[in-house]
Amino acid sequence: MAAALPRAAAQHSAPVTDWPARIGWVVGLVLVVALVYWLMRQGWKWRQTVQSDIPDLPAPPEHTGEPLLTLSGRYHGSTTAGQWLDRIVAHDLGVRSRAELTLDASGLTVLRPGSRDFHIPAERLRGARLERGIAGKVLPEGGLLVVTFSHGDRLVDSGFRSDDAGEHPAWVREVDRLSPEHFTLPDSGTPAGARGKTSENAPKEGAR
């Protein structure tokens with residue numbers, strides 16, 4: 001009976017925690033996360049340096065015409081047109097945020113709480129289309145409204161998602177109608193199946 005007591009006590013004793021090993025794992029994980037974050041910041045700064053030639057977008061005008069369309073939703077980023085991974089970060093264009101969009105005869109005004117507002121004049125618009133992805137963000141089919149416009153010496157895609165995705169087709173039609181020219185996507189650059197379409201009435205490249 002006495003011999004059984006030590007065995008019973010041993011069965012109910014708590015296991016010894018290897019604290020040095022556990023602390024080592026935690027410290028290692030923190031260092032890995034810190035390294036990834038640092039590399040991301042360095043990549044962001046490198047893109048800002050490379051894109052230093054990109055001019056700032058115009059500020060929203062004080063007076064605009066009668067709104068054609070308005071939209072509340074999110075801004076998901078900008079890229080070189082047709083290149084969904086070539087993110088543009090200059091002038092806060094890489095910062096995702098809430099957005100309020102207004103389209104009128106003067107162009108597209110984008111208000112972003114907590115970030116920089118901008119305006120795309122109508123003469124710079126090059127059409128709109130529906131997409132699934134931009135700048136690392138992937139959404140359901142047709143879940144992203146992409147507006148293409150001329151800026152400096154390049155074409156830019158900016159991606160937006162309305163709180164009501166059913167509004168997107170009307171925006172595609174109206175932006176296409178205001179655009180003096182239309183940009184046709186290249187054969188590559190977007191993920192498989194992610195390329196959207198402009199409205200049925202949009203003219204092909206070279207058509208006026």
Side-chain angles (χ1 to χ4, degrees), residues 44 47-48 51-139 142-183 185 190 196 198-199 202:
W44 194 275
R47 279 191 173 274
Q48 286 180 324
Q51 297 169 0
S52 60
D53 63 319
I54 299 178
D56 201 356
L57 283 165
E62 293 185 5
H63 304 287
T64 59
E66 186 69 22
L68 300 171
L69 290 172
T70 60
L71 178 154
S72 294
R74 294 196 65 84
Y75 167 77
H76 283 293
S78 295
T79 67
T80 300
Q83 303 296 321
W84 81 302
L85 292 178
D86 189 14
R87 186 195 299 267
I88 295 175
V89 302
H91 310 300
D92 285 350
L93 288 177
V95 178
R96 292 176 181 169
S97 63
R98 289 289 302 175
E100 300 288 333
L101 276 64
T102 301
L103 185 70
D104 59 35
S106 71
L108 175 63
T109 297
V110 182
L111 303 181
R112 299 192 293 160
S115 192
R116 190 177 304 190
D117 303 332
F118 60 89
H119 179 74
I120 304 170
E123 63 269 18
R124 297 190 189 181
L125 291 172
R126 296 296 182 266
R129 64 187 185 277
L130 301 183
E131 291 278 10
R132 286 178 50 202
I134 190 171
K137 181 69 176 181
V138 178
L139 293 164
L144 198 69
L145 169 68
V146 176
V147 177
T148 303
F149 59 97
S150 171
H151 184 52
D153 60 353
R154 69 181 67 202
L155 288 175
V156 176
D157 281 343
S158 286
F160 306 91
R161 179 170 174 81
S162 172
D163 292 335
D164 178 7
E167 298 177 333
H168 291 174
W171 274 80
V172 171
R173 290 191 296 270
E174 201 63 26
V175 171
D176 279 353
R177 187 182 69 82
L178 284 179
S179 302
E181 302 177 29
H182 289 268
F183 168 67
L185 283 169
T190 54
T198 56
S199 64

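Only a predicted model underlies this, so the values are computations on that prediction, with no experimental measurement involved.
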Quiz item: Residues two or more places apart in sequence or in another chain: which of them pass side chain to side chain contact (heavy atoms under 4.5 Å, CB included) with Ser106?
Solution: Thr64, Asp104, His119
Quiz item: How far does CZ of Phe149 sit from CD1 of Ile120, to the nearest 0.5 angstrom?
Solution: 4.0 Å
Practice problem: Under the salt bridge (charged side-chain N to carboxylate O under 4.0 Å, His left out) rule, collect the residues that match up with Glu174, sequence neighbours excluded. | Solution: Arg177
Self-check item: Ile134 CD1 to Ser78 OG distance, which is reported to the nearest 0.5 Å
Solution: 6.0 Å
Quiz item: In chain order, what residues pass the side-chain hydrogen bond (donor to acceptor under 3.5 Å, both in side chains) check against Glu123, with sequence neighbours excluded?
Solution: none
Practice problem: Report the residues that fulfil side-chain hydrogen bond (donor to acceptor under 3.5 Å, both in side chains) with Arg161, sequence neighbours left out, ordered by chain and then residue number. | Solution: none
Quiz item: If you round to the nearest 0.5 Å, how far is CG of Leu93 from CZ of Arg87?
Solution: 11.0 Å
Exercise. Over all heavy atoms of both residues, which pair between Thr70 and Trp171 is shortest? Give the atoms and the distance, please.
Key: C-CZ2, 3.6 Å
Self-check item: Considering all heavy atoms, the nearest Pro169-Gly166 contact
Solution: CD-O, 3.4 Å
Quiz prompt | Heavy-atom pair of closest approach, residues Arg112 and Ala99 | solution = CG-CB, 4.4 Å
Quiz item: Of all heavy-atom pairs between Ser179 and Gly127, which one has the smallest distance, and what is that distance?
Solution: OG-N, 2.9 Å
Quiz item: Within the distance-only criterion (no hydrogens, no angle test), does the side chain of Arg126 pair as donor or acceptor with the backbone N or O of Ala81 below 3.5 angstrom?
Solution: no
Quiz item: Can you name the ring pair (Phe, Tyr, Trp, His ring centres under 6.0 Å) partners of Tyr75, sequence neighbours left out?
Solution: Phe160
Quiz prompt | Residue list, salt bridge (charged side-chain N to carboxylate O under 4.0 Å, His left out) with Arg74, at least two apart or on another chain | solution = none
Exercise. Determine, stepwise, if the pair Glu167 / Leu145 fulfils side-chain contact (heavy atoms from CB on, under 4.5 Å).
Key: CA-CA 9 Å; Glu167 298 177 333; Leu145 169 68; over 6 Å; no
Exercise. Taking the side chain as every heavy atom from C-beta outward, state whether Trp84 and Leu144 have any pair of such atoms under 4.5 Å apart.
Key: no
Exercise. Would you check if Arg154 and Ile54 make a side-chain contact, meaning some heavy-atom pair closer than 4.5 Å?
Key: yes
Quiz prompt | Atom pair CG/OG of Leu57 and Ser158 - distance to nearest 0.5 Å | solution = 7.5 Å
Self-check item: Qualifying residues under salt bridge (charged side-chain N to carboxylate O under 4.0 Å, His left out), relative to Asp163, sequence neighbours excluded
Solution: Arg98
Exercise. Go through the structure and list residues passing side-chain hydrogen bond (donor to acceptor under 3.5 Å, both in side chains) with Thr80, not counting sequence neighbours.
Key: Asp86
Exercise. Return the minimal non-hydrogen interatomic distance between Arg96 and Ala135, and the atom names on each side.
Key: NH2-O, 3.0 Å
Quiz item: When rounded to the nearest 0.5 angstrom, what is the spacing between CD in Glu131 and NE2 in His76?
Solution: 13.5 Å
Quiz item: Heavy-atom distance under 4.5 Å between the side chains of Leu178 and Leu68, does that happen here?
Solution: yes
Quiz prompt | Contacts of Phe118 that satisfy ring pair (Phe, Tyr, Trp, His ring centres under 6.0 Å) - sequence neighbours left out | solution = none
Exercise. Could I get the full list of side-chain hydrogen bond (donor to acceptor under 3.5 Å, both in side chains) partners for Thr79, not counting sequence neighbours?
Key: none
Self-check item: salt bridge (charged side-chain N to carboxylate O under 4.0 Å, His left out) partners for Asp56, two or more places apart
Solution: Arg116
Quiz item: Does any non-hydrogen side-chain atom of Val175 lie less than 4.5 Å from one of Leu108?
Solution: no
Quiz prompt | Taking every non-hydrogen atom, the tightest pair across Ser150 and Leu155 | solution = CA-CD2, 3.8 Å
Quiz item: Who are the side chain to side chain contact (heavy atoms under 4.5 Å, CB included) partners of Leu111, not counting sequence neighbours?
Solution: Pro60, Glu100, Thr109, Asp117
Quiz item: Nearest 0.5 Å, what's the CD-CD1 distance between Gln83 and Ile88?
Solution: 11.0 Å
